[in-house]
There are 2 protein chains.
Amino acid sequence: MDRQVSEKKEQLRAFLKERGFKSTRQRDIIAGQFLRCGEHLTAEELYKQISRTHREIGFTTVYRTLKLLSKSGLATERVFADNLTRYEPLSSEDHHDHLICLRCGSITEFENPKMEKLQKRIAEEFGFNTVTHKMELYGYCRMCRKPDK
Amino acid sequence: MDRQVSEKKEQLRAFLKERGFKSTRQRDIIAGQFLRCGEHLTAEELYKQISRTHREIGFTTVYRTLKLLSKSGLATERVFADNLTRYEPLSSEDHHDHLICLRCGSITEFENPKMEKLQKRIAEEFGFNTVTHKMELYGYCRMCRKPDK
DNA sequence: AGGAAAATGAAATTCATTTTCAATTAGTTC
DNA sequence: GAACTAATTGAAAATGAATTTCATTTTCCT
């Protein structure tokens with residue numbers, strides 16, 4: 001198994017123990033699959049993936065485990081224009097933004113320090129104390145953009 | 001009545017006529033209230049406002065009229081972190097972004113050409129053809145930010 | 001006024017998300 | 001390792017915003 005993945009699973013186990021929660025076979029399987037996959041998945045999608053090999057694991061548990069991963073800091077929830085809640089593994093504090101293709105639905109991450117600074121500057125102009133932000137660019141990716149233009 | 005508002009109501013009437021739709025008392029009242037108010041309202045909120053003075057107008061009609069206003073270009077739909085669909089009057093093509101207070105829920109609009117340019121530049125780096133974007137800064141407004149810090 | 005097409009509003013439906021609850025399981029403690 | 005307590009599981013039900021249905025009413029044309 002992936003070094004990264006087992007490390008994070010360990011982190012989860014620590015988090016559970018600390019809070020008096022329990023490590024279970026299901027949580028292990030779900031976290032493993034989620035971390036390995038590493039995409040922006042909905043609970044539904046992850047459930048479908050997992051139930052291929054583990055028909056006994058229910059949707060509810062997948063859903064709850066994703067929530068748990070979010071609380072433990074191993075994942076974040078995101079909602080894009082399609083209004084579905086997606087989960088994404090969180091390495092550390094790499095805050096990044098997204099490019100979303102309107103045709104194929106692909107989600108590309110990016111990070112830009114200038115953007116961050118500019119955001120902070122704008123917020124300050126308004127006396128705002130920024131905690132977090134959301135920035136999504138919707139359009140057509142390299143593969144999907146029209147041949148013309 | 002506000003010059004601006006009646007002008008826009010006229011725009012709506014023209015839009016309806018062009019498409020073979022009908023101007024109705026309800027649509028007039030709903031559009032009027034919405035345009036006058038000018039906030040980021042949910043269908044529910046607008047419905048409550050209107051039903052104070054017009055108990056006979058149903059939620060469904062308010063909802064449908066807001067959709068109609070969006071289609072006619074007089075409003076846009078927006079979804080913030082609370083996952084409710086809000087409607088906002090649209091003057092022309094002023095694309096702006098939002099500062100949202102996590103405590104009081106106030107929504108402040110802003111516009112920044114540098115931001116727009118930066119977005120375009122980033123998108124291009126990834127071969128992306130940007131159509132639209134979404135940018136929200138969440139934090140605490142001047143009134144709500146902690147005294148310390 | 002008459003008639004066709006659209007609009008209305010209450011109620012029903014949808015659909016993702018969240019909660020409930022009885023049965024099961026994990027992780028102590030003796 | 002057995003017993004116990006609290007957490008977990010999974011199926012089913014509940015929730016809640018958004019949307020659709022449908023019988024009735026209204027608009028707008030002639």
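Note: hydrogens, waters and symmetry copies are ignored here, and every other heavy atom, side chains too, is used. In what follows, chains are A, B, ... by sequence order, proteins preceding strands, each numbered from 1.
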*Asks:* To the side chain of Thr24(A), which of dA18(D), dG9(C), dT9(D) is closest?
*Replies:* dT9(D)

*Asks:* How would you label the contact of Arg25(A) with the nucleic acid (heavy atoms, under 4.0 Å): base, sugar-phosphate, or nothing?
*Replies:* nothing

*Asks:* Taking Glu56(A) first and then Arg25(A), would you say they form a salt bridge - that is, a charged N and a carboxylate O separated by under 4.0 Å?
*Replies:* yes

*Asks:* With a 4.0 Å cut-off on N to O distance, would you call Glu136(B) and Lys134(B) a salt bridge?
*Replies:* yes

*Asks:* Can you tell me how far C1' of dT20(C) sits from CZ of Phe59(A), to the nearest Å?
*Replies:* 15 Å

*Asks:* Under 4.0 Å between any heavy atoms, over every strand shown, what does Arg64(A) touch: base, sugar-phosphate, or nothing? Just pick one.
*Replies:* base

*Asks:* Need to verify one output field. Residue with the more 5' nearest nucleotide on DNA chain D, Lys17(B) or Tyr87(B)?
*Replies:* Tyr87(B)

*Asks:* Can you check the Glu44(B) CD to dA18(D) P distance for me, whole Å?
*Replies:* 9 Å

*Asks:* To the nearest angstrom, how far is Leu84(A) atom CG from dA17(D) atom P?
*Replies:* 18 Å

*Asks:* Rounded to the nearest Å, what distance is computed from the CG atom of residue Leu66(B) to the C1' atom of nucleotide dT19(D)?
*Replies:* 14 Å

*Asks:* Any base atoms under 4.0 Å from Thr42(B), or only sugar-phosphate, or nothing? Heavy atoms, all strands.
*Replies:* nothing

*Asks:* Does Phe80(B) have its ring centroid less than 6.0 Å away from the ring centroid of His98(B)?
*Replies:* yes

*Asks:* Once you round it to whole Å, what is the distance between P of dC28(D) and CZ of Phe21(B)?
*Replies:* 13 Å

*Asks:* Closest nucleotide of DNA chain C for Tyr47(B) versus for Lys22(B): which of these residues is on the 5' side?
*Replies:* Lys22(B)

*Asks:* Report yes if a side-chain nitrogen or oxygen of Tyr63(B) is closer than 4.0 Å to either non-bridging phosphate oxygen (OP1 or OP2) of dT19(D); otherwise report no.
*Replies:* yes

*Asks:* Just checking Thr60(B): base, sugar-phosphate only, or nothing, at a heavy-atom cut-off of under 4.0 Å?
*Replies:* base

*Asks:* Are Glu88(A) and Arg78(A) within salt-bridge range, i.e. N to O under 4.0 Å?
*Replies:* yes

*Asks:* Tell me, do Arg13(A) and Lys22(A) make a side-chain contact under 4.5 Å, heavy atoms counted?
*Replies:* no

*Asks:* Verify the contact: side-chain N or O of Arg27(B) to OP1 or OP2 of dA6(C), cut-off strictly under 4.0 Å; return yes or no.
*Replies:* no

*Asks:* How many whole angstroms separate atom CG of Asp82(B) from atom P of dA17(D)?
*Replies:* 10 Å

*Asks:* Tell me: CG of Leu16(A) to C1' of dG27(C), nearest whole Å?
*Replies:* 13 Å

*Asks:* How many whole angstroms separate atom CD of Gln26(B) from atom C1' of dA10(C)?
*Replies:* 14 Å

